[in-house]
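FYI, the numbering just counts along the sequence from 1. Basis for what follows: all heavy atoms, side chains included, without hydrogens, waters or symmetry-related copies. Given the structure is predicted, the values throughout are model-derived calculations rather than measurements.
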Amino acid sequence: MTWVLGLGVYGLGVLGYNATVRRLGVSPYLSWITVFLVQIILLYGFAMVGWLNPGIWVITLVGIALLLYWWLLGFWGKGALPFEGLHLFDGWMVGLGLVMVQVLGHSPLVHYDNFSHWAVMVKFLTFTGHLPDAHDTIISFTSYPPATALFITQFVHWVGFSEGAMLIAQFLLIWAASYSVFAVLRDRTRALTSFLLCLTIAVSYVFNINIRLNNLLVDYVLPILTVAGLVGVYVYRQKPWLQCGHVALVGAVLLLVKNSATFFVVVLAGYFLGMLWTTRPQIFQRWPRRWASVWGRFTGTLVVLAVPFLWWEWHVTHTFTVSKHEISAAAYRQQLQHEGDGTVLKLGHQFLKQVVNGQSLSTQGILLINALLLGSYILIRWRSHQKNPLLKTLAAVDVIFGLYYASLFGMYVLSMPYAEAIRLDGFERYMGSTVILALFIGAMVLSRTIDYAFYEQEFAKRDLRSFRSIVTKNAYQMGSFLMIFFAIIMMYSEINGTKFTNQMNRGTLPVQLAQIASPNTHLTHQRVLLVDPHPGDVDSYYAGFLANYYFFTNHSVGQENFMESPAQFKQNVQHYQYIAIPEYHHTFTVMMRKTYHQEIRTGWFKVTPTGLVPQKS
């Protein structure tokens with residue numbers, strides 16, 4: 001029941017902020033993600049000054065106070081918000097969202113990067129209450145910004161720390177950003193256009209298949225936050241100050257999610273600048289004044305957007321002498337000097353082969369988006385005899401793909417060791433993020449284009465009789481049915497895929513480890529040996545990262561090879577304080593029998609001078 005109470009407190013705080021931003025003019029479809037982003041920025045500020053835990057309390061209690069304030073005003077008949085109504089897509093979002101929450105709540109973390117950074121960062125923030133410093137070597141990637149970790153930390157602070165709770169928190173952020181796409185609909189009562197967007201949400205997870213939602217990696221968070229940013233730029237085009245604030249908020253959080261978010265911020269900023277020029281022409285203003293107005297708003301927004309990230313860069317530089325993946329011109333120059341012309345050519349050849357590979361999921365996604373947008377343009381232009389922006393949209397997304405290909409290749413050349421770069425490590429993950437972004441852009445433009453192609457353009461007159469002919473009526477009804485059907489089926493496919501993944505992961509090292517020992521929630525410097533019979537887990541440091549996360553220590557080591565003399569084996573064992581054996585290791589068992597005359601197979605043990613003592617799990 002403790003988690004129910006905590007969830008209630010957290011939820012009331014969110015509702016208070018939601019009611020506040022709605023009254024400030026924020027769209028109801030953007031209000032949820034706006035609240036989450038505002039809380040991230042506030043949490044970031046508290047964390048940077050060393051007040052993370054007090055900040056969590058202050059932010060949540062202020063939200064509850066705001067909710068009480070608006071409730072009292074409403075009780076006296078003041079400050080009421082207009083009811084937006086409920087639509088079919090609301091039922092889809094709530095119903096399938098709850099099913100996914102239930103699945104994620106019982107999902108284990110397995111992916112390597114959860115334990116090398118993302119999950120261990122949340123655990124560190126939760127149980128220490130502060131950002132890592134130079135002495136906290138349990139955090140390896142110290143230059144990674146903490147935005148999603150802070151958001152998840154606030155959630156688990158109230159509902160309790162667990163892997164399921166962390167996954168639910170990140171899903172809430174993703175789902176809130178996904179909900180924003182419905183703000184672009186002209187008529188939200190039309191099933192065809194609204195479920196086109198529902199289907200887009202479901203299909204987008206196909207291109208996130210390498211990560212899925214049961215991991216804390218941010219490869220899906222980056223594009224979906226960018227989508228919410230683009231939606232706000234369009235929706236607030238007649239509200240310049242709200243538009244600027246929205247871009248600054250989304251852009252600032254994007255940069256605090258991951259260093260590589262710069263590309264997505266550039267896309268957001270480019271669309272923002274274009275919208276400033278096209279939607280506020282100010283015909284009766286002289287050109288110099290208009291130019292100054294547009295560039296003044298644009299530059300001011302970018303400055304505000306960059307301040308939190310610049311603060312983070314200053315923090316990293318002054319806190320850590322060396323930081324993995326830190327943005328550094330000197331490091332880039334050194335890497336470029338190290339890579340000869342031949343190496344760059346080899347990387348380029350390998351990169352190009354992957355780009356044109358028809359079996360590549362990202363390439364298939366790019367071709368699919370191009371085919372759908374081109375086909376839709378021709379169909380609407382031919383059938384409805386209407387000009388439409390789908391060709392321009394197609395050109396824009398192809399430019400995005402081209403620029404991202406170039407930036408991705410630059411990353412392989414400048415930032416990645418050759419052994420990893422030549423394998424194009426993470427290619428599908430990185431390109432998948434861009435495919436997801438382009439998929440949403442195309443779907444949002446297509447949904448509005450379809451609406452403009454309807455025979456009846458007055459919303460109030462749209463009913464069962466407002467069709468050009470019985471043929472178009474049947475086509476609309478069949479199209480709506482197919483959209484609803486496939487939107488549900490595709491989302492259930494993702495849900496069942498996550499369930500299947502969880503079933504397949506039952507024999508993985510993290511799940512086995514949970515069966516022999518309880519996780520530690522107090523940061524220690526205990527020396528822990530994780531005995532693993534799989535050399536790949538040890539050689540890749542997966543076992544060591546997992547043990548560091550699980551036992552919450554910076555002195556865990558994974559080891560597979562125990563081919564040594566009894567004296568060496570004893571010296572090795574005595575170096576550690578605890579030993580975890582989640583899976584039977586034949587050599588280790590034999591050496592324990594020879595050295596300590598103990599029959600050890602699996603379990604969690606404390607090391608003593610005379611051998612291993614079993615500990616309660």
With rounding to the nearest 0.5 Å, note down the distance linking [atom1] in [X] to [atom2] in [Y].
X: Gln503; Y: Phe500; atom1: CD; atom2: CZ; result: 9.0 Å
X: Asn53; Y: His157; atom1: CG; atom2: NE2; result: 6.0 Å
X: Thr319; Y: Asp133; atom1: OG1; atom2: CG; result: 7.5 Å
X: Asn505; Y: Ser107; atom1: CG; atom2: OG; result: 9.0 Å
X: Ser433; Y: Asp219; atom1: OG; atom2: CG; result: 4.5 Å
X: Asn520; Y: Phe127; atom1: CG; atom2: CZ; result: 9.0 Å

>> side chain to side chain contact (heavy atoms under 4.5 Å, CB included) for Ile436 and Val227? Distances and angles first, verdict last.
In response: CA-CA 9 Å; Ile436 291 166; Val227 168; 5.9 Å; no
Side-chain polar contacts of residues 6-20 - donor-acceptor pairs under 3.5 angstrom, sequence neighbours left out - could you list them?
residue, atom, partner, partner atom, Å
Tyr17, OH, Ile59, O, 2.8
Asn18, ND2, Ser31, OG, 2.8
Thr20, OG1, Gly16, O, 2.9
Thr20, OG1, Trp70, NE1, 3.0

Does the [X] side chain pair with the main chain of [Y], one donor and one acceptor, at a distance under 3.5 Å?
X: Glu163; Y: Pro108; answer: no
X: Asn114; Y: Leu216; answer: yes
X: Ser493; Y: Ile489; answer: no
X: Tyr236; Y: Trp241; answer: no
X: Asn496; Y: Tyr492; answer: yes
X: His246; Y: Leu242; answer: no
X: Gln154; Y: Ile56; answer: no

Between [Y] and [X], is there a side-chain heavy-atom distance shorter than 4.5 Å?
X: Ile41; Y: Leu37; answer: no
X: Thr226; Y: Phe440; answer: no
X: Pro28; Y: Arg22; answer: yes
X: Met48; Y: Trp312; answer: yes
X: Ser194; Y: Trp92; answer: no
X: Pro145; Y: Leu255; answer: no
X: Leu52; Y: Leu131; answer: no
X: Tyr29; Y: Val184; answer: no

> Taking only residues at least two apart or on different chains, which pairs with a member in residues 114-127 satisfy salt bridge (charged side-chain N to carboxylate O under 4.0 Å, His left out)?
Replying inline: none
>> Going by salt bridge (charged side-chain N to carboxylate O under 4.0 Å, His left out), name the pairs with one or both residues in residues 206-215, residues two or more places apart or in two chains.
In response: Arg212-Glu494
By ring-ring contact (aromatic ring centres under 6.0 Å, His included), which residues pair with [X], not counting sequence neighbours?
X: Tyr234; value: none
X: Tyr550; value: none
X: Tyr44; value: Trp311
X: His106; value: none

>> I'd like to know if the side chain of Tyr220 pairs up with that of Ser204 as donor and acceptor (distance under 3.5 Å, no hydrogens or angles considered).
In response: yes
>> Cation-pi check for Phe89 against Arg188: NZ or CZ below 6.0 Å from the six-membered ring centre and within 45 degrees of the axis, yes or no?
In response: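 Pair Arg188/Phe89 does not count as cation-pi.
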> Under the side-chain hydrogen bond (donor to acceptor under 3.5 Å, both in side chains) test, which residues partner Thr137, sequence neighbours left out?
Replying inline: Asn554
>> Going by side-chain hydrogen bond (donor to acceptor under 3.5 Å, both in side chains), name the residues that satisfy it together with Trp71, two or more places apart in sequence or in a different chain.
In response: none
Looking only at non-hydrogen atoms, find the nearest pair between [X] and [Y] and report the distance.
X: Ala177; Y: Leu225; result: CB-CD2, 4.2 Å
X: Leu125; Y: Ala149; result: CD1-CB, 3.8 Å
X: Ala191; Y: Ile484; result: CB-CD1, 4.3 Å
X: Ile400; Y: Thr434; result: CG2-CG2, 3.7 Å
X: Ser180; Y: Val231; result: O-CG1, 3.3 Å
X: Ala165; Y: Val156; result: CB-CG1, 3.9 Å

> Taking the six-membered ring for Trp, are the ring centroids of Phe182 and His87 within less than 6.0 Å of each other?
Replying inline: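 No, they do not, as the ring centres are separated by 6.0 Å or more.
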> Is the Trp57-Trp158 ring centre distance short of 6.0 angstrom?
Replying inline: yes
Only pairs under 3.5 Å count here: list side-chain donor-acceptor contacts from residues 166-173, not counting sequence neighbours, and write none if there are none.
residue, atom, partner, partner atom, Å
Gln170, NE2, Asn215, O, 3.0
Gln170, NE2, Leu217, O, 3.3

May I have the list of side-chain donor-acceptor pairs in residues 115-122 shorter than 3.5 Å, sequence neighbours left out?
residue, atom, partner, partner atom, Å
Ser116, OG, Asp113, O, 3.4

>> Could you walk me through whether Leu104 and Thr498 satisfy the side chain to side chain contact (heavy atoms under 4.5 Å, CB included) test, starting with their C-alpha distance in whole Å, then the side-chain angles of each, then the deciding distance to 0.1 Å, before giving a yes or no?
In response: CA-CA 8 Å; Leu104 293 177; Thr498 304; 4.3 Å; yes
Counting only pairs under 3.5 Å, give me each side-chain donor-acceptor contact of residues 298-309, with atom names and distances, residues two or more places apart or in other chains.
residue, atom, partner, partner atom, Å
Thr299, OG1, Trp295, O, 2.7
Thr301, OG1, Arg297, O, 2.7

> Hey, is CZ on Phe486 packed in by over 12 heavy atoms from elsewhere, all under 6.0 Å?
Replying inline: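 Count not over threshold, so no.
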> Step by step, would you call Leu437 with Leu230 a side chain to side chain contact (heavy atoms under 4.5 Å, CB included)?
Replying inline: CA-CA 10 Å; Leu437 174 62; Leu230 297 173; 4.1 Å; yes
>> Is there a side chain to side chain contact (heavy atoms under 4.5 Å, CB included) between Leu523 and Asp136? Walk through the geometry before answering.
In response: CA-CA 10 Å; Leu523 183 61; Asp136 298 312; 4.2 Å; yes
